[in-house]
**Student:** 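Following this message is one structure expressed as structure tokens.
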There are 2 protein chains.
Amino acid sequence: MTTPGPAGSTPRAKRVDARRNEQTLLEAAAAVFVTDGVDAPVRLIAERAGVGMGTIYRHFPTRPALVAAVYQHQVEALAEAGPALLREAGDPAVALQRWAAGFVDFLVTKHGLAGALGSDTEGVNTLHQYFVDRLVPVCDALLDAALGPKTSGRVSGYMLMRGIGNLCIGGANDPHYDAARLANLLVTGALTGEQHDLDSDAVVAPLR
Amino acid sequence: MTTPGPAGSTPRAKRVDARRNEQTLLEAAAAVFVTDGVDAPVRLIAERAGVGMGTIYRHFPTRPALVAAVYQHQVEALAEAGPALLREAGDPAVALQRWAAGFVDFLVTKHGLAGALGSDTEGVNTLHQYFVDRLVPVCDALLDAALGPKTSGRVSGYMLMRGIGNLCIGGANDPHYDAARLANLLVTGALTGEQHDLDSDAVVAPLR
DNA sequence: TGCCAAGCGGAGCAATGCTCCGTATTGTTC
DNA sequence: GAACAATACGGAGCATTGCTCCGCTTGGCA
């Protein structure tokens, strides 16, 4: 459904200036994201690309969509790294730890990406959606390999990834915060299994 | 330094209308936070309190400061729950797990609090600061009790709390996400200790 | 009662994501 | 090569934020 495809009348290819602008925009956005972080204003990207606001929004329906497009390659690489690690590493648990480390590194390298990923507003966050669709199956496969076939209580790849993603928020500006370390601990916890005897009500009651 | 104190000439007590407005504002803010989440616009709070924008900003220098003031009681309760749990529970590890569960419950109950907490912009986020000052020592004490006196490699209370806080971001709107569960796993990981053999470069290299 | 510091309200500023529409460019058709 | 849609472009403008500024009001002391 994403490629034009020969359904109905041929929808006529994009004009060359359109294609060129799309490319220019991707490059400009990538550059701006490096210098100003993923939260850089759209206007800045437009200016850098020598293009108007409207042009951006014709090519990318929303801001997150642009971000998703910029990082598409890297997400792809990460997705492919999963099976590869499983082959190379002897222990599937190690493979999972390494893959998680790679994911963390990717997120913290791009300032603010993790944060942008987390804002699941309205359920129509393209960025979030794209990451989930592409990477969750990979993560699930790693978990399966490490813990055996999925049991009902086991943590899902989706949860683990969202957890890691959230841990990567706000890492910069804070030398005392180490997202990689925390993610490692989280994965360790996921591999270890859950402690089940908690009854939080004792603590929680006085707080409401 | 926060209370007027008898340094220099007595600075004259606040006027009654000012005190009344401050109280009204705290109540209005609490109410709005419940219905609209912690991210509710300041204008809305002012309107609800029947008060102008300026009044809010005279009483609370910045938006996060208002949020901090609103949740002061609960934070206090959570801080006091730490030592209590340590006394009651036989196992310090269990005490830590329970305390963490209470922290999570507090954060997810208030829509968006965790997110507001995370935005450490400019280093002058009162909200963040307040939580850290009051709760980190408690968390450290629990960790000490569970893992013995602090060793160089051990995760710090600060990191653990920030990690848990981040895990609580975006929990609502997503039935598949369970912050409490992830936090539990993270604490389990922290109690278990770290896996040290990761060499993320193998995964990471192709991503940059 | 008169005075004035303390307090108040809300218009206004700057930043941001996104939309709208008049204008310019492209590529097809003759 | 010229005419003419269809497509694409630019950027002014809208709505929403957090926060500031300043003229007016009011509490409380003398």
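Order of the sequence lines sets the chain letters (A, B, ...), proteins ahead of strands, with each chain counted from 1. As a basis for the values below, the full set of heavy atoms in this structure was taken, side chains included, without hydrogen atoms, waters or symmetry mates.
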**Student:** Any side-chain N or O of A:T62 below 4.0 angstrom from OP1/OP2 of C:dC18?
**Tutor:**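 A:T62 to C:dC18 OP1/OP2: side-chain N or O found under 4.0 Å.
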
**Student:** Would you give the length of the straight line joining atom SG of B:C139 to atom CZ of B:R134, rounded to the nearest 0.5 angstrom?
**Tutor:**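 Reported value, rounded in 0.5 Å steps: 13.5 Å.
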
**Student:** So if I take every side-chain heavy atom of B:R15 and compare against D:dT20, D:dG28, D:dA12, which nucleotide ends up nearest?
**Tutor:**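 Within the option list, the nearest is D:dG28.
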
**Student:** From the options D:dC9, C:dG7, D:dG18, select the nucleotide whose nearest atom is closest to the side chain of A:T55.
**Tutor:**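 The answer is D:dC9, which lies nearest to the side chain.
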
**Student:** Rounded to whole angstroms, how far apart are NZ on B:K14 and C1' on C:dA5?
**Tutor:**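 B:K14 atom NZ is separated from C:dA5 atom C1' by 15 Å.
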
**Student:** Among C:dG7, D:dA8, D:dG27, which nucleotide sits nearest the side chain of B:V16?
**Tutor:**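 Among the listed nucleotides, the one closest to the side chain of B:V16 is D:dG27.
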
**Student:** Confirm from the modelled atom types if A:R58 and D:dG11 form a donor-acceptor pair under 3.5 Å, side chain to base only.
**Tutor:**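 Absent.
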
**Student:** Rounded to the nearest 0.5 Å, what separates atom CG in B:L160 from atom CG in B:L142?
**Tutor:**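 So the gap between those two atoms works out to 9.5 Å.
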
**Student:** Give a yes/no on whether any side-chain N or O of A:Y57 is located under 4.0 angstrom from OP1 or OP2 of C:dT19.
**Tutor:**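 Checking A:Y57 against C:dT19: no side-chain N or O falls below 4.0 Å of OP1 or OP2.
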
**Student:** Would you find more than 12 non-hydrogen atoms of other residues, nucleotides or ligands less than 6.0 Å from B:E76 atom CD?
**Tutor:**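 Yes - once you tally the heavy atoms of other residues, nucleotides and ligands closer than 6.0 Å, there are more than 12.
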
**Student:** Rounded to the nearest angstrom, tell me the gap between atom CZ in B:F60 and atom P in D:dG18.
**Tutor:**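 Going from CZ in B:F60 over to P in D:dG18 covers 15 Å.
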
**Student:** Assess the residue pair A:Y158 and A:D140 against the criterion (side chain to side chain contact (heavy atoms under 4.5 Å, CB included)); give the C-alpha distance rounded to whole Å, side-chain angles, the decisive distance to 0.1 Å, and a yes or no.
**Tutor:** CA-CA 8 Å; A:Y158 174 74; A:D140 263 323; 5.9 Å; no

**Student:** Quick one: is D:dC9 close enough that its OP1 or OP2 comes under 4.0 Å of any side-chain N or O from A:H59?
**Tutor:**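 It does, given that an N or O in the side chain of A:H59 lies less than 4.0 Å from OP1 or OP2 of D:dC9.
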
**Student:** Hey, could you give me the OG1/CD distance between A:T188 and A:Q97, rounded to the nearest 0.5 Å?
**Tutor:**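 Here the rounded value is 4.5 Å.
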
**Student:** For the side chain of A:R43, starting at C-beta, report the closest nucleotide among C:dG9, D:dC9, D:dC14.
**Tutor:**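 That would be D:dC14.
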
**Student:** If each of B:V51 and A:D39 is mapped to the nucleotide of DNA chain C with the nearest heavy atom, which maps nearer the 5' terminus, i.e. the 5' end?
**Tutor:**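 Checking each residue's closest nucleotide, the 5'-ward one belongs to B:V51.
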
**Student:** So if I take every side-chain heavy atom of A:M53 and compare against C:dT19, D:dC9, D:dT17, which nucleotide ends up nearest?
**Tutor:**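 Taking heavy atoms from C-beta onward, the closest nucleotide is C:dT19.
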
**Student:** For the side chain of A:D17, counting heavy atoms from C-beta on, which of C:dC8, C:dT25, D:dG10 is nearest?
**Tutor:**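 Selected nucleotide: C:dT25.
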
**Student:** Give one of base, sugar-phosphate or nothing for A:R63, where a contact means two heavy atoms less than 4.0 Å apart.
**Tutor:**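 The answer is sugar-phosphate, as A:R63 gets under 4.0 Å only of primed atoms, P, OP1 or OP2.
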
**Student:** Salt bridge or not between B:D178 and A:R162? Use side-chain N to carboxylate O under 4.0 Å.
**Tutor:**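 Salt bridge: no.
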
**Student:** Roughly how many Å is it from CD1 in B:I56 to P in D:dC21, rounded to a whole number?
**Tutor:**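 So the two atoms are 17 Å apart, to the nearest Å.
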
**Student:** Of B:F33, B:F60, B:Y130, which meets side-chain contact (heavy atoms from CB on, under 4.5 Å) against B:V67?
**Tutor:**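 Exactly one candidate clears the test, B:F33.
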
**Student:** Near DNA chain D, counting only heavy atoms under 4.0 Å, which residues of residues 19-36 of chain A show up?
**Tutor:**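 Result for residues 19-36 of chain A: A:N21, sorted by number.
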
